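Have a look at the structure below before the remarks.
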Amino acid sequence: MVQAYILIQTEVGKAASVAAEISGIPGVTQAEDVTGPYDVIVRAEARNVDELGKLVVAQIQGVEGITRTLTCPIVHI
């Protein structure tokens, strides 16, 4: 299982609606609107890195109001 945090920038005023929509996507375990340089932080999981990439590109980036994403896979060193 691969887990990651996805940091999202949105259009002005869209953070709450983006977080709400993303929270319903399968594979997303948590989505919160926050303050700071990013507007939404998502925790997601997938079976492997390829599926994680598909989740981000095909589903999360397709949500209206998102301007940029940064995916940070969780590592255990």
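None of these values were measured; they are calculated from a predicted model.
At least one side-chain heavy atom of Gln59 sits under 4.5 Å from a side-chain heavy atom of Pro26. At a threshold of 4.5 Å between non-hydrogen side-chain atoms, the residues Val40 and Leu7 do not count as touching.
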Please walk me through it: do Ile60 and Ile25 pass side chain to side chain contact (heavy atoms under 4.5 Å, CB included)?
-> CA-CA 8 Å; Ile60 292 175; Ile25 295 173; 4.1 Å; yes
Kindly determine whether Cys72 and Ile6 satisfy side chain to side chain contact (heavy atoms under 4.5 Å, CB included), including the steps that lead there.
-> CA-CA 6 Å; Cys72 304; Ile6 303 158; over 6 Å; no
Side chain to side chain contact (heavy atoms under 4.5 Å, CB included) between Lys14 and Val12, intermediate numbers included = CA-CA 6 Å; Lys14 297 283 188 173; Val12 174; over 6 Å; no
Evaluate the side chain to side chain contact (heavy atoms under 4.5 Å, CB included) criterion for residues Gln30 and Val42: first the C-alpha distance (whole Å), next the side-chain angles of each, then the deciding distance (0.1 Å), finally the verdict.
-> CA-CA 6 Å; Gln30 192 171 12; Val42 173; over 6 Å; no
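Separating the CG atom in Asn48 from the CE atom in Met1 is a distance of 10.0 Å, to the nearest 0.5 Å. Rounding to the nearest 0.5 angstrom, the gap separating the OH atom in Tyr5 from the CD1 atom in Ile41 is 9.0 Å. A distance of 11.0 Å separates CD1 of Ile66 from CD of Gln9, quoted to the nearest 0.5 Å. Atom CD of Glu32 sits about 12.5 Å away from atom CZ of Arg43, to the nearest 0.5 Å.
A single hydrophobic cluster is not seen to contain both Val34 and Val28; linkage of ILVMFWY side chains at heavy-atom distances under 4.5 Å, directly or through other members, places them apart. Taken together through direct or relayed side-chain contacts under 4.5 Å among Ile, Leu, Val, Met, Phe, Trp and Tyr, Leu70 and Val2 form parts of separate hydrophobic clusters. Leu52 and Val63 end up in the same hydrophobic cluster when Ile, Leu, Val, Met, Phe, Trp and Tyr side chains are linked at under 4.5 Å. Note: the hydrophobic cluster containing Val56 also contains Val49 (ILVMFWY, side chain heavy atoms under 4.5 Å, direct or indirect links).
Take Gln61 and apply the side-chain hydrogen bond (donor to acceptor under 3.5 Å, both in side chains) test, not counting sequence neighbours, and it matches Thr69.
The backbone N or O of Thr10 sits less than 3.5 Å from a side-chain atom of Asp39, completing a donor-acceptor pair.
Here the closest non-hydrogen pair linking Ala19 and Ala31 is O-CB, 3.6 Å. Among all heavy-atom pairs drawn from Glu45 and Thr29, the shortest one is CD-CG2, 3.7 Å.
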